[in-house]
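Taking it in order: structure first as structure tokens, then the write-up.
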Amino acid sequence: MSLRWFAGLWEDQMIRAGRQQWVRTLADIAAQQGIAVQTLLNSGRHLAKGFPAPLNAGRTRLYDGEQVDAHLAGRPVPALPTTDDDEDLLDRQEAAALRGMPLHQWDRRKKDPAVSEHLVRAGGVEHWPRRVVRDHTPTPRRPTGSSGGGRPTGAGDQVPRDQLPARVAQLLDTDPALTAAGVTDSLGVHRNTAQAALTQCRADRMADVMEQHGVTAAQAAAALGYPAGQTRRAGVRAAAILRGRQARPYLAAVAQALHARGWMATDTPPTAQHPEDDLCVAALTLDAPAAPAPALVWSERHGWRTATSRRHPLGRGAAWPPPGPGVRHLATGATPAPADLVNALDSTG
């Protein structure tokens, strides 16, 4: 837990259970106000009296978006929950404090499979559910040598990446409680590879159930027989997948408008991507010679911007850059009308 002095009060802040979708970084807050993050830092607005306290004490400061929205709109800032919950998300400092250990010891502990498979990235910062941090017991080391189980140290993955989703799906059909360790033992792939594939498979199936039956991620996981303790990250990703599916008609309309304007060779809509479990983005390549930019990037949090690269329009981690050479934030809001987006692009020429 992060105890800090802010605006004359001690506050106990963290990402409380069920509030991950509200997490914002300073870059998010700057983009929300249409300014560069350096401008925000230089202005000190985020340090002004009454501005919501950060949720953490780490290098990348995180804030609650509901509180930020209220502050920027001049409304009273709502209080956050104060009761501890098993699903609270703890960052590195908070996890170490809860376990009463130095940071370097937690940095070793978090690599244990029983911890790493519950990793959640919020605002690009590593977090773990409170229950995982609190209840974790180090996994005994397996004996080394040819008789040991699992994937030998230094060995390459034994299943081609393009075949891995189908193979993991087969294992999950047989055992809904499948773990990343089970995938590694069965398929001989790296633990991180196994965890990513298992999370994606569970998330896709949970999103299907959520879409078909209008249920929550937790309800979808229960319907599929997935243990609650293994689906926190998949649930966050499933919600993002569902939001991406719901954005398809809008993204298709934008692609049609750009094609009609002569900036795209086809009107093929983009595929929603999820560079972080809780983030939904998409990219459109403007491949016509007269196009005003190489590509466009859409973020469910920020809306549209131009990109300088057709090959890698999202950039590293899909971070939202401030306006600058080749990068312009377009129109207003996360889903401006296609015609407004075209008009905004026209003005860049």
Side-chain angles (χ1 to χ4, degrees), residues 1-7 11-48 51-69 71-72 77 80 87-99 102-104 106-111 115-116 118-130 132-133 232-233 236-237 240 273-281 297 299-302 305 314-324 327 329:
M1 295 174 286
S2 299
L3 289 173
R4 61 185 62 80
W5 178 256
F6 187 85
E11 294 196 1
D12 186 5
Q13 299 276 80
M14 67 186 66
I15 301 176
R16 289 298 186 179
R19 298 197 64 81
Q20 182 182 349
Q21 73 273 17
W22 286 106
V23 172
R24 290 186 194 160
T25 63
L26 284 175
D28 294 331
I29 296 171
Q32 180 179 358
Q33 299 176 76
I35 60 176
V37 67
Q38 192 60 50
T39 301
L40 175 63
L41 293 172
N42 292 343
S43 71
R45 298 180 198 176
H46 62 299
L47 301 175
F51 195 90
L55 299 173
N56 66 331
R59 180 179 301 176
T60 301
R61 292 298 176 94
L62 305 177
Y63 297 80
D64 184 90
E66 189 175 24
Q67 289 191 322
V68 171
D69 289 347
H71 174 77
L72 294 180
V77 175
L80 297 179
E87 297 305 318
D88 290 340
L89 293 180
L90 309 185
D91 67 9
R92 173 174 172 260
Q93 289 89 344
E94 293 159 350
L98 180 62
R99 292 304 299 250
L103 287 174
H104 68 82
W106 175 255
D107 288 340
R108 292 196 301 269
R109 180 76 61 97
K110 72 180 185 180
K111 298 176 183 177
V115 175
S116 63
H118 296 282
L119 172 67
V120 175
R121 291 188 182 276
V125 179
E126 293 182 338
H127 288 78
W128 301 265
R130 176 188 297 278
V132 173
V133 176
R232 167 79 189 190
R233 183 178 172 190
V236 171
R237 193 172 187 85
Q273 302 180 52
H274 310 284
E276 293 185 11
D277 291 330
D278 63 341
L279 179 62
C280 184
V281 299
V297 171
S299 165
E300 63 177 344
R301 297 176 182 170
H302 308 297
R305 68 171 175 87
L314 294 178
R316 186 186 181 103
W320 194 257
V327 177
H329 297 172

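Since the structure is predicted, the reported quantities are computational estimates derived from the model, not experimental observations. Worth knowing before you read on, the calculation uses all heavy atoms, side chains too, and leaves out hydrogens, waters and symmetry mates. Counting from 1, the numbers follow the sequence of the chain as shown.
- Residues His329 and His302 have side chains not in contact (no heavy-atom distance under 4.5 Å, counting atoms from C-beta outward).
- Between Arg24 and Asp69 there is a salt bridge, with a side-chain nitrogen of the basic residue lying less than 4.0 Å from a carboxylate oxygen of the acidic one.
- In this structure, Asp278 and Gln21 have side chains that are not in contact, with every pair of non-hydrogen atoms separated by 4.5 Å or more.
- Between Gln32 and Val68, the closest side-chain pair of non-hydrogen atoms falls below 4.5 Å.
- Under the 4.5 Å side-chain criterion, counting only non-hydrogen atoms from C-beta, Trp106 is not in contact with Leu98.
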Could you tabulate the donor-acceptor pairs under 3.5 Å formed by side-chain atoms of residues 35-42, not counting sequence neighbours?
unit_1	atom_1	unit_2	atom_2	d
Gln38	NE2	Asn42	OD1	2.9
Asn42	ND2	Gln38	O	3.3

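- For the side-chain contact (heavy atoms from CB on, under 4.5 Å) test with Asn56, the passing option among Leu62, Ile15, Val23 is Leu62; the others fail.
- Atom CG of Asp91 sits about 9.5 Å away from atom CG of Leu55, to the nearest 0.5 Å.
- Side-chain contact between Leu279 and Ser299 is present, with at least one heavy-atom pair separated by less than 4.5 Å.
- With hydrogens and angles disregarded, a donor-acceptor distance shorter than 3.5 Å links the side chain of Arg99 to the backbone of Val133.
- For the pair Arg305 and Trp320, the cation sits on the ring face: its NZ or CZ lies under 6.0 Å from the ring centre, inside 45° of the axis.
- Counting only heavy atoms from C-beta outward, the side chains of Arg16 and Met14 approach each other to under 4.5 Å.
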Report all side-chain donor-acceptor pairs from residues 118-129 shorter than 3.5 Å, counting only partners two or more places apart or in another chain.
unit_1	atom_1	unit_2	atom_2	d
His118	ND1	Gly229	O	2.9
Glu126	OE1	Lys110	NZ	2.9
His127	ND1	Val125	O	2.9

Q. After noting the C-alpha distance and the side-chain angles of Leu26 and His46, does the key distance pass the side-chain contact (heavy atoms from CB on, under 4.5 Å) rule?
A. CA-CA 8 Å; Leu26 284 175; His46 62 299; 3.9 Å; yes
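- Not counting sequence neighbours, the partners of His71 by the side chain to side chain contact (heavy atoms under 4.5 Å, CB included) test are Phe51, Pro52, Val77.
- Rounding to the nearest 0.5 Å places CG of Asp277 at 7.5 Å from CD of Gln20.
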